[in-house]
Amino acid sequence: MGFSANFEVVKHVLSFSGWHRSDFLSVERNAFSRYIIIPILRDLRKIVIAIDGPAASGKSTTARLVAEHLGYLHIDTGAMYRAVTLRVLEEAIPLEDIGAIGALAEKTRIHLERAETGNRVFIDERDVTREIRTEAVTRNVSLVSSYQRVRDVLVREQRRMAGTGGVVLEGRDIGTVVLPNADLKIFMIAGVAQRVERRKKELAINGIDIESEKLEREILERDRLDTTRKASPLRRAAGAVEVDTSSLTIDQQVQFVVGMAKEIIGE
Ligand code: DC
């Protein structure tokens, strides 16, 4: 956004309104020798934060609370891959039918809504928040999300949702593929034991009880699939800050990311 004016008028208006030069990005001459102000106030700058990492590394909780703290939108991209997987299972499409699964992804309308307990996930008007966390979906989501056509559809949608900023996106390929120019990139990791414990608690909230050994096998298998697939494998993006959450409290994780974000915003 910009507008042009005589420089003297600009200076007068700025001093009259109490602005300082550091409050806006620049006052420059444009091609018509007019002065252009780009009046983006520092405290209005909304950045894009990308948080990637393996399953149960703490990224969902961190992303949600960081977004809350900054008044940003939280976009859980894993939930979107889960929603497509749920539809594949409901339609009983064979898991190797890449064409049919890609077509289904194209016509599946997913949206996320903010609620007190975190995001709610909808397919059309149907609330599928709970269903996308079932064992059947978890078991098959790595395969469905490995299909390039599914990824193309969802990445396009994620970029649209990220808009011009004020968002925290969380997933596996946000910093590497979806938004490589994100202002802040975080790569979260944690020890397997902590990840199993966290996943167990998360499932318990949804009334699902799975024994730890089984959860560990599932988590390790998902790591293997997510890091070795051909399409956008999970890896640390260039410029991403690695955060090991094994011995951090949720509050510490959140404060760390919020602190980095504020440094970038200039607060
Ligand atoms: O974060 P999650 O466990 O809910 O993610 C479910 C699956 O979706 C995960 O196994 C890999 C896939 N995923 C992906 O491929 N790319 C993303 N950006 C997010 C998730």
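Every number for a ligand or one of its atoms is a count from 1 in the order of the listing. Because the structure is predicted, anything quoted here is derived from the model rather than measured.
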- Amino acids in close contact with ligand 1, where any non-hydrogen atom sits under 4.0 angstrom away: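 Within the 4.0 Å shell of ligand 1, which is judged on heavy atoms, sit Lys59, Thr77, Gly78, Tyr81, Arg82, Arg133, Val141, Ser142, Ser145, Arg151, Gly171, Arg172, Asp173, Arg222, Asp226, Arg229.
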- State plainly whether the residues Asp124 and Arg109 are in salt-bridge range, i.e. N to O under 4.0 Å. no
- Could you tell me whether Arg126 and Glu90 make a salt bridge, using a distance below 4.0 angstrom between a side-chain N and a carboxylate O?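 Result for this pair is yes, salt bridge flagged.
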- Which one of Val167, Leu112, Thr77 satisfies the side chain to side chain contact (heavy atoms under 4.5 Å, CB included) criterion with Met161?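 Of the listed residues Val167, Leu112, Thr77, the side chain to side chain contact (heavy atoms under 4.5 Å, CB included) partner of Met161 is Leu112.
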- Residues forming a ring-ring contact (aromatic ring centres under 6.0 Å, His included) with His69, sequence neighbours excluded: none
- Thr138-Glu218 side chain donor-acceptor pair, cut-off 3.5 Å: no
- Query: With distance as the sole criterion, is a donor-acceptor pair present between the side chains of Thr249 and Asp251 under 3.5 Å?
  - Reply: no
